[in-house]
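Only one structure is covered here, and it is reproduced in the block below.
Note on naming: letters A, B, ... go to the chains in the order of the sequence lines (proteins, then strands), and numbering restarts at 1 for each one.
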Amino acid sequence: MSLYPQFSFKKHSFDKHSKAHLGELKTPHGSIQTPNFIFCATKAALKSVTTQQAKEAGADIILSNTYHLMLQPGADIVAAHGGLHKMLNWDGPMLTDSGGFQIFSLGHGGVANEIKGRGRPVTEKKMLKINETGALFRSYIDGSMHLLTPEISMEVQRKLGPDFVVVLDECTPYHSSREYMAASMERSHRWAIRSLRAFERHNDGKQALYGIVQGGTYRDLRKISSEFIASQPFFAQAIGGTLGGTKEEMHEIVGMICENLHKDRPTHLLGIGGISDIWNGVEHGIDTFDCVHPTRIARHGCALVNPVEHEGKEHINLFNACYRDDMNPIDATVDCYTNRHFTRAYIHHLLKADELLAGQLLTIHNIAFMTKLARAIRSSIAEGRFSEERKRWVYDR
RNA sequence: GGUGGGAUACUCAAGCGGCCAACGAGGGCAGACUGUAAAUCUGCUGACAAUUGUCUACACAGGUUCGAAUCCUGUUCCCACCA
């Protein structure tokens with residue numbers, strides 16, 4: 001009997017010139033078509049919009065975070081609601097991340113650039129200690145200490161109750177030495193096995209487990225990791241860790257990693273959500289992406305736009321003075337509540353006036369934009385014109 | 001009418017002889033953001049030339065001084081108290 005009786009993944013249409021393909025991912029909370037994008041509700045909130053609004057804007061699947069929710073409000077409170085789906089009023093598929101990314105983000109003093117190799121390496125690790133057992137975190141909320149192990153992460157994720165759960169891993173930054181990267185990868189593999197064992201002990205068929213491929217920027221390490229994760233009975237696989245210092249490097253490394261992944265399993269690219277990055281990922285066979293970028297930049301005043309129509313820029317900043325009297329919608333071709341009813345000038349005004357509504361309207365637009373992008377990718381594969389459609393979205397190529 | 005106090009860049013507000021083109025805050029103008037310690041962070045903000053540069057500036061007009069936003073005199077407004 002399968003570990004995942006209520007889940008399935010089937011690839012069903014293939015691009016002739018790349019590894020791009022369509023897929024159907026079935027879960028107890030319905031099916032989604034891939035390629036697709038997962039929107040981040042890290043702390044059980046899509047930050048500024050309701051799940052209802054996200055659904056109306058086209059979102060198919062969302063994600064929350066184990067670490068944040070175990071600190072606040074605590075897994076038992078979520079369980080008391082009947083799980084994340086009920087608590088968030090979301091009836092579609094859901095995923096929880098394991099907290100592995102926080103081993104990186106909290107371990108490096110909040111230097112989020114670190115993963116991409118920007119800025120200086122930070123050696124001080126004030127927020128956590130990591131060893132074979134797991135990671136000991138100092139809460140960013142009140143400074144209290146919290147242990148996260150593969151077993152605890154699985155237990156918390158079982159209580160949170162999403163469809164997809166993820167093994168605990170260590171997300172390694174760009175500036176790690178090869179030696180550290182290799183040792184960390186091996187430990188993440190051992191954690192993956194422990195996560196799997198813990199998952200199996202309590203498996204009720206309602207959740208499916210993702211393994212995570214590590215190995216940094218090194219081809220041989222990524223190959224080892226891909227093959228190891230593929231050899232274990234995970235439902236799906238995710239690509240984690242650093243992907244290099246530049247976009248070009250990232251695109252190359254993603255392609256390299258994809259060569260050795262399990263061919264029949266859904267593949268998720270963790271934390272990546274740029275427009276060109278998604279086209280590149282899909283081309284190499286990625287099925288799903290998640291990223292805070294669309295919802296975060298919305299709160300910072302930015303709207304996603306087609307880079308081909310904006311000289312390569314993937315977003316515009318509605319704070320900019322040039323939108324003060326712009327009576328157009330952000331993008332009339334992106335069908336959503338924001339674009340149906342409001343002008344750029346109005347959103348510019350809301351931003352200037354420090355009105356929270358600006359972030360909400362921009363978030364709705366950005367969700368709708370990512371949804372439109374995913375649909376464009378899917379229909380282009382279905383209709384055998386993937387590379388043509390790509391040219392309409394990826395600047396100067 | 002008398003006596004005090006005050007007038008500083010778009011705004012508020014420090015400075016009280018040289019280190020002042022002038023702290024700080026707001027505003028303005030940009031930038032960043034990729035498994036969210038992020039409705040956050042960063043830069044610039046008198047003009048012009050754009051590496052040390054030059055000019056115009058701290059109510060207005062004079063003065064003292066090598067040198068003033070800072071001291072003195074007068075003028076104009078504003079505020080408080082007393083008549």
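Residue contacts for A:G274: at a heavy-atom cut-off of 4.0 Å it reaches a base atom on one of the strands shown. Residue-level contact check: A:Q214 touches the bases, meaning some heavy atom is under 4.0 Å from a base atom. Within the 4.0 angstrom heavy-atom criterion, only backbone atoms of the sugar-phosphate kind lie near A:H68; the bases stay farther away. Among the heavy atoms of the strands, none lies under 4.0 Å from A:I141. Among the heavy atoms of the strands, none lies under 4.0 Å from A:S48. Residue A:D290 is in sugar-phosphate contact alone, with no base atom involved, counting any heavy-atom pair closer than 4.0 Å across all strands shown. Residue contacts shown for A:T295 include a base, since a base heavy atom lies under 4.0 Å away. Base engagement by A:K47 is indicated by at least one non-hydrogen atom pair under 4.0 Å involving a base atom. Within the 4.0 angstrom heavy-atom criterion, only backbone atoms of the sugar-phosphate kind lie near A:N65; the bases stay farther away.
Put simply, CD on A:Q232 and CG on A:L196 are 6.5 Å apart, with the number rounded to the nearest 0.5 Å. Here CE of A:M185 is found 8.5 Å from CZ of A:R178. Values are rounded to the nearest 0.5 Å.
The CE-P distance, from A:M370 to B:G35, rounds to 12 Å in whole Å. One atom, CG of A:L243, and another, P of B:U34, lie 13 Å apart when rounded to the nearest Å. The interatomic distance linking A:I347 (CD1) with B:A39 (P) rounds to 19 Å, in whole Å. A straight line from CZ of A:F101 to P of B:G35 spans 5 Å, rounded to a whole angstrom. Here B:U40 presents its P atom at 12 Å from CG of A:L351, a figure rounded to the nearest Å. Atom CG of A:L95 is separated from atom P of B:U36 by 10 Å (rounded to the nearest Å). We find that CD1 of A:I103 is positioned 13 Å from P of B:U36, with the value rounded to whole Å.
Listed nucleotides B:U34, B:G35, B:C33 differ in distance to A:I297; the shortest reach to its side chain belongs to B:C33. Residue A:I272 places its side chain closer to B:U34 than to any other of B:G35, B:A37, B:U34. When each of B:A38, B:A32, B:U36 is scored by its nearest atom to the side-chain atoms of A:K43, the top-ranked nucleotide is B:A38.
More than 12 non-hydrogen atoms from other residues, nucleotides or ligands lie less than 6.0 angstrom from CZ of A:R385. More than 12 heavy atoms of other residues, nucleotides or ligands sit less than 6.0 Å from atom CD of A:E388. Open room surrounds NZ on A:K55; 12 or fewer heavy atoms of other groups in view lie less than 6.0 Å from it.
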Fill in the dot-bracket string of RNA chain B, one character per base: . for unpaired, | for a pair to another strand, ( ) or [ ] for pairs within the strand, taking Watson-Crick or G-U pairs under 3.5 Å.
((((((((.[[[..)..(.....]]]((((((.......))))))(((....)))...[[[[[..)....]]]]]))))))).
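Using a 30° and 60° split on the angle between ring planes, A:H268 and A:Y210 fall in the perpendicular class, above 60°. The aromatic rings of A:F7 and A:Y4 sit perpendicular, their planes meeting at an angle over 60°, well past the 30° parallel limit.
Contact annotation: A:Q102 side-chain N/O to B:U36 OP1/OP2 distance is under 4.0 Å. Side-chain N/O atoms of A:R296 include none lying less than 4.0 angstrom from OP1 or OP2 on B:U40. Checking the phosphate oxygens (OP1, OP2) of B:U34, no side-chain nitrogen or oxygen of A:K247 falls inside 4.0 Å. At B:A37, one or more side-chain N or O atoms of A:S105 fall inside 4.0 Å of OP1 or OP2 (strictly under the cut-off).
Of the charged side-chain nitrogens involved, at least one lies within less than 4.0 Å of a carboxylate oxygen, so that A:E170 and A:R187 count as a salt-bridged pair. Salt-bridge formation is not detected for the pair A:E259/A:K223: no Lys NZ or Arg NE/NH1/NH2 atom is positioned less than 4.0 Å from an Asp or Glu carboxylate oxygen.
Where A:V166 and A:D354 each meet RNA chain B at their nearest nucleotide, the meeting point lying more 5' is that of A:V166.
By the stacking rule of 5.5 Å between ring centres and under 30° between planes, A:H300 stacks on the base of B:U40.
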Protein-nucleotides 27-31 of chain B N/O pairs closer than 3.5 Å?
from	atom 1	to	atom 2	distance (Å)
B:C29	OP2	A:K352	NZ	2.2
B:A30	OP2	A:A321	N	3.3
B:G31	OP2	A:N320	OD1	3.2
B:G31	OP2	A:N320	ND2	3.4

